[in-house]
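We count ligands from 1, going down the list as the structure has it; atoms in each ligand are counted the same way. The analysis underlying the following values was restricted to heavy atoms, covering all of them including side chains, and did not include hydrogens, waters or symmetry mates.
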Amino acid sequence: MCGIVGYIGEAQAAPVLLDGLSKLEYRGYDSAGIAVYDGESIHVQKATGRLKVLSELTHDGATMPGVVGIGHTRWATHGAPSNVNAHPHYNQAETIAVVHNGIIENYLKLRKYLEEKGYQFISETDTEVVAHLLDRYYKGDPLEAITKAMHRMEGSYALGIIFKEHPEQVYAVRKDSPMIVGNGRDGNLIASDVPAVLKYTRKVYFIQNEEIAVLTKENITFYNVDGDEISKEPTTIDWDVNAAEKGGYEHFMLKEMYEQPQTVKDTLNPRIRDGEVVIEELGMEDEEIRAVNRIHIVACGSAYHAGVTAKYVFEGLARVPVEVDLASEFRYRNPILQPDDLVIIISQSGETADSLAALREAKMRGVKTLGIVNVVGSSIAREADQVMYTWAGPEIAVATTKAYSAQLIAEYLLAIKFAQAKHTVSDQEAASLLRDLQKLPEQIEMLLGNKERIQHFANRYIAAKDVFFVGRGIDYAISMEGSLKLKEISYIHSEAYAAGELKHGTISLIEEGTLVAAVVTQEELYKKTISNIVELGSRGAFVLAVTNTGNREIEKAADYVIYIPQTNRYFTNSLAIIPLQLFSYYVSVGKGCDVDKPRNLAKSVTVE
Ligand code: AGP
């Protein structure tokens, strides 16, 4: 996600901003920019690519004199990486400059409202809407303009703002996206994360939701969304810089697991409007959706496992046939594609060579293609006919967690969209599905709270040689992802197996104490899988079961049970995968493996 820095004090602002942004580079970005007030006007300089491009452009800030400013590293969500879309964004009169981290979910509605009031936009971003909205409400009092804008904006935002007519202040606003204030000796700072300010101060204030901070070079004052002054206590940061980059988490993977509730919200909420699924980027009217006779889902690794889940969800809800292929297989098997097929390529990085090649193969045959991609402006995002972004923010750990969860959400939304267009679900059923989807963030949060119990269980298996994951239907897809998570970060051999297949071979591998994780979330298959668990237990396996709250029957067969909250049967992957992610993480940590950068693996496999 984006990085924000702001400064006001005795020193020149630009070098402080560039230095602070450099401490946030780990967050991932594709462009950067700074705005500095030079005593007469607000100057903005932006550059796509690495931060050093901006530093060179401004001679390390020397060409932008002034003691108050804001800066930003942008991870593109709305609008491809470009100078125009980079932050800071001005209002038309260039008297207000804004930087933003998060997603303004109702930005299209606000943009329409502002265009009707005569505002002209130059970028595709949701952030530019904020600049014009502030302009709309500014009558001389920045705080009044900010609180009015906050009452109109929906979604997540951390904002840094400067007003030309109030150059003795920097404003920070927070809703969901993190924002901190640093109280320094030679001035005060704002930042989206602690590392940006540690060089200047360890005394920070954490802005809470719907709070505003007003910084002058000597003081920091806080207000609530109603404009009432509030008092806050500072925190002294005792982290080292490296730990701070992970937001206090030991590893990026753990941090990203804990970002999943927000990631699910960011991917889900902008696409549910007035109880309807709205996926503008799909570029298909209901009639075109009804004309799709077959869907081919093509991906690699975890994205493939998300695709296997999608098969069950699409076929279950929309009754459209779905084939799922590993991209490395699809591109060489001379696939049979019909003109009214739809090929969906799922990819976090948008640069996986096999997935990109599969996309090109499908396009060469004239079939419509849709990318479900996390990195905005990546090759797959650019080359697919349509792209649906997962808005998970940059994922640093090689083992995907939050991007995988966001891929599931994108698929659920697409399947419901297809089901409604094909009238295979009623409006009431669709409304119930959407209600279940909107409960997922809180349920994921609750499961993440289980980490101590899972860590304790994981420590018993750091010496394991083989671990099997079994399930039926969607539970088999969940098992695939659980198995990959374990093997890729702990180097323990693991296999996922359809529970019904065990007796056709694999069960011969079960010895006394072999750990088998049985995923049992599909109610109509409970009994079948429980009988598999009994078979496993009678051969000495230790069975960990992940099942729905209330399925007490399983305690007679399994040795250790983890319950997940009730949700629609099509959405259980989003919940069951959480304890399996945590289990893999703690086994890897217990073994002393390099959790974020496992041996032999890359975050994006851009070669065959
Ligand atoms: C998952 O934890 C792995 N990092 C890997 O399997 C990954 O999912 C696969 O390489 C696909 O990457 P993509 O989503 O960027 O295309």
Residue selection (non-hydrogen contact nearest atom 12 (O) of ligand 1) among I345, T352, D354: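 Ranked by closest heavy atom to atom 12 (O) of ligand 1, first place is T352.
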Kindly say whether the aromatic ring centers of F314 and F418 come within a distance under 6.0 Å.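 Distance test on ring centres: under 6.0 Å, yes.
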Would one find an N or O of V398, backbone or side chain, under 3.5 Å from an N or O of ligand 1?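 Yes, V398 has an N/O under 3.5 Å of an N/O on ligand 1.
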E351 near ligand 1, heavy-atom distance under 4.0 Å?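 Flag not set, E351 not near ligand 1.
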Check this for me - ligand 1, E488, N or O atoms closer than 3.5 angstrom, yes or no?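 The answer is yes, given that E488 and ligand 1 share an N or O pair closer than 3.5 Å.
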Identify whether the distance between the nearest side-chain nitrogen and carboxylate oxygen of R360 and E383 falls below 4.0 Å.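 The answer is yes: the pair qualifies as a salt bridge.
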Could you tell me whether some N/O pair between Q407 and ligand 1 is separated by less than 3.5 angstrom?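 In fact, backbone or side chain, Q407 has no N or O that close.
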Using modelled atom types only, decide if a donor and an acceptor are shared between the side chain of K265 and the backbone of G155 within a distance under 3.5 Å.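 Checked: no pair found.
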Identity and separation of the nearest protein heavy atom to atom 9 (C) of ligand 1: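 Result for atom 9 (C) of ligand 1: C300 O, 3.8 Å.
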Quick one: do R271 and E281 make a salt bridge, cutoff under 4.0 Å?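 Answer for the salt bridge query: yes.
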Check each atom of ligand 1 against the heavy atoms of S302 and keep those under 4.0 Å away; list them by number with element.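 Listed by number with element: 1 (C), 2 (O), 6 (O), 8 (O).
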As an exercise, identify every atom of ligand 1 less than 4.0 angstrom from a heavy atom of A399.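 Result: 2 (O).
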Do F571 and Y412 have ring centres separated by under 6.0 Å?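 So the answer is yes for these two rings.
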So, 4.0 Å and heavy atoms of L484: is ligand 1 close enough to count as a contact?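 So L484 counts as touching ligand 1.
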Mutual orientation of the aromatic rings belonging to H493 and F468 [parallel < 30°, tilted 30-60°, perpendicular > 60°]: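 Taking F468 first and then H493, their aromatic rings stand perpendicular (interplane angle over 60°).
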Return the closest protein heavy atom for atom 10 (O) of ligand 1 as residue, atom name and distance.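 That would be V605 CG2, 4.0 Å.
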Salt-bridge present (K246, E250; N to O < 4.0 Å):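 Salt bridge between K246 and E250, a charged N being under 4.0 Å from a carboxylate O: no.
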Which atoms of ligand 1 sit under 4.0 Å from any heavy atom of K485?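 Near K485, meaning under 4.0 Å from one of its heavy atoms, ligand 1 has 1 (C), 2 (O).
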Determine whether H100 and T125 make a side-chain contact, defined as any pair of heavy atoms from C-beta on separated by less than 4.5 Å.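 No, too far: nothing below the 4.5 Å cut-off.
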Under the side chain to side chain donor-acceptor pair (under 3.5 Å) criterion, do D385 and T369 qualify, and how do the steps go? CA-CA 5 Å; D385 296 318; T369 57; 2.9 Å; yes
So which heavy atom in the protein is nearest atom 15 (O) of ligand 1, and how far is it from that ligand atom?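 For atom 15 (O) of ligand 1, the nearest protein heavy atom is S349 OG, 2.7 Å.
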Could you find the nearest protein heavy atom to atom 14 (O) of ligand 1 and give me its residue, atom name and distance?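 Minimum-distance protein heavy atom for atom 14 (O) of ligand 1 reads Q348 N, 2.7 Å.
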